[in-house]
Amino acid sequence: MNPRIALLSAALSLAGCVTSSESPQFSSEKYSMKQASQENVALGIRYLQQGQRDVAMQKIQKALQQDSDNAQAYMAEAMVYAVTGDSQRAEDNYKIALRKGPDDPEIQNNYATYLCQHGRPKDSVDYFLKAAVNPLYATPDWAYANAGLCAGQIPDPAASEQYFRRALQINPNLPGALFGMAQLSYNQKKYLQARAFIERYTALAGQPDSGVQLSPDILMLGVQTEQALGNRQGASDYVKQIYKRFPDSPQAQQLSNQAGGHAGNPG
């Protein structure tokens, strides 16, 4: 998966637990209405992840009936509207969620993701940073990496680098931040630095338990970096990996179409 896309995907998760039952029965003795509402929000997000938008909205609407002050229910409703392309309702519901849960880092992070994906990167950075410094947020490294990506869209490369490096201070093996620093370094013509970050990423992907996979993007960046450094063999090695691992990728097609370039030949 493209690490940039992975980082900018909304965090479709909640702190509340999800029951194993698909249609849980909430006993008044076991659950309060607030707990029941949170359960339905979690179920709604699960259905949204599965692409069942209508069922997701039903669960979220039920959650709001059970607790009209459930900030995460409004967040989840905003996420459904965002997926269906109803930007105005998504924006409205995010604002309600922020009013009802001003210190909720999940809401801050998801709203930031929405802003960045809808052409408002500067505003998104502010909310990512709020989530990152929130002691209740479990993954501040991802929030900083997201801030780095969106700062790059402003563009503000100095801020982008600052946030990527902050993410890597917290988690030296965060793939999205490694990719971000590699791309940023390449764009700034700091090719040796770019190589170092690419090698850290590929080394991480080579570890069976890391959960990180190579992508055609990181390999193509390797091709470009080694070419910039004049390392034909290194560039060729990355090219061969692209052809072998991702033969149908746009990167493989691009390499094939390069006329007269030494990198275009996988052999």
Side-chain angles (χ1 to χ4, degrees), residues 1-9 116-117 121 125 141-267:
M1 176 181 289
N2 184 332
R4 289 169 292 179
I5 295 174
L7 273 171
L8 292 178
S9 295
C116 192
Q117 291 175 332
V125 168
D141 50 339
W142 279 75
Y144 279 118
N146 276 330
L149 285 166
C150 296
Q153 292 185 24
I154 294 174
D156 188 343
S160 185
E161 180 171 354
Q162 175 187 346
Y163 302 141
F164 283 137
R165 289 192 180 279
R166 184 70 184 95
L168 291 171
Q169 286 175 357
I170 300 170
N171 181 1
N173 293 327
L174 187 64
L178 290 172
F179 183 95
M181 276 303 303
Q183 184 70 68
L184 186 64
S185 300
Y186 177 83
N187 292 343
Q188 295 174 339
K189 299 184 179 181
K190 299 177 181 178
Y191 300 123
L192 287 174
Q193 181 171 283
R195 172 192 276 173
F197 282 110
I198 293 167
E199 288 177 346
R200 285 173 62 180
Y201 187 104
T202 56
L204 186 62
Q207 299 175 13
D209 298 329
S210 70
V212 178
Q213 296 182 348
L214 288 176
S215 72
D217 292 280
I218 193 70
L219 294 175
M220 190 64 174
L221 188 57
V223 173
Q224 295 166 336
T225 299
E226 295 307 320
Q227 287 177 338
L229 288 168
N231 182 5
R232 297 184 63 178
Q233 184 58 53
S236 178
D237 290 343
Y238 280 117
V239 169
K240 290 176 182 177
Q241 289 195 64
I242 292 175
Y243 279 111
K244 179 179 179 181
R245 296 172 180 270
F246 308 101
D248 299 323
S249 66
Q251 290 80 0
Q253 186 63 46
Q254 177 184 341
L255 290 168
S256 295
N257 291 340
Q258 286 179 347
H262 67 273
N265 183 0

Visitor: Which heavy-atom pair separates E226 from A235 by the least distance, and what is that distance?
Guide: CB-N, 3.5 Å
Visitor: Atom CG of L255 and atom OG of S249: how far apart are they, to the nearest 0.5 Å?
Guide: 8.0 Å
Visitor: Find the distance between CG (D217) and OH (Y201) and round it off to the nearest 0.5 Å.
Guide: 8.5 Å
Visitor: Just by modelled atom types, is the R232 backbone N or O under 3.5 Å from a matching donor or acceptor in the S236 side chain?
Guide: no
Visitor: Which is it for L219 and Q251 under the side-chain contact (heavy atoms from CB on, under 4.5 Å) test, yes or no, and what are the steps along the way?
Guide: CA-CA 9 Å; L219 294 175; Q251 290 80 0; over 6 Å; no
Visitor: How long is the straight-line distance from OH of Y191 back to CG of N231, given to the nearest 0.5 Å?
Guide: 14.5 Å
Visitor: Taking the side chain as C-beta and beyond, is there a heavy-atom pair between L214 and Q241 under 4.5 Å?
Guide: yes
Visitor: Please report the interatomic distance SG(C150) to CG(D156), rounded to the nearest 0.5 Å.
Guide: 12.0 Å
Visitor: Check whether the ring centres of F164 and Y144 lie less than 6.0 Å apart, and answer yes or no.
Guide: no
Visitor: Determine whether a donor-acceptor pair (N or O, by modelled atom type, separation under 3.5 Å) exists between the side chain of R200 and the backbone of P172.
Guide: yes
Visitor: Mark yes or no for whether T202, through its side chain, and E199, through its backbone, hold a donor-acceptor pair below 3.5 Å.
Guide: yes
Visitor: Do F197 and L168 have side-chain heavy atoms sitting under 4.5 Å apart?
Guide: yes
Visitor: Looking only at heavy atoms, what is the nearest atom pair of A145 and L174, with distance?
Guide: CB-CD2, 3.7 Å
Visitor: Quick check: do M181 and Q193 have side-chain heavy atoms less than 4.5 Å from each other?
Guide: yes
Visitor: Do Y238 and I198 make a side-chain contact, defined as non-hydrogen atoms from C-beta onward lying under 4.5 Å apart?
Guide: yes
Visitor: Could you tell me the separation between the CD1 atom of I242 and the CG atom of D237, rounded to the nearest 0.5 Å?
Guide: 11.5 Å
Visitor: Could you check if a side-chain atom of M220 sits within less than 4.5 angstrom of a side-chain atom of Q224, using non-hydrogen atoms only?
Guide: yes
Visitor: Drop me the distance from I218's CD1 to Q183's CD, to the nearest 0.5 angstrom.
Guide: 8.5 Å
Visitor: Would you check if K240 and Y243 make a side-chain contact, meaning some heavy-atom pair closer than 4.5 Å?
Guide: no
Visitor: What heavy-atom pair brings E161 and L184 nearest, and what distance separates the two atoms?
Guide: CB-CD2, 3.4 Å
Visitor: Just by modelled atom types, is the A252 backbone N or O under 3.5 Å from a matching donor or acceptor in the S256 side chain?
Guide: yes
Visitor: Would you say the side-chain atoms of S210 pair up with the backbone N or O of L204, donor to acceptor, closer than 3.5 Å?
Guide: yes
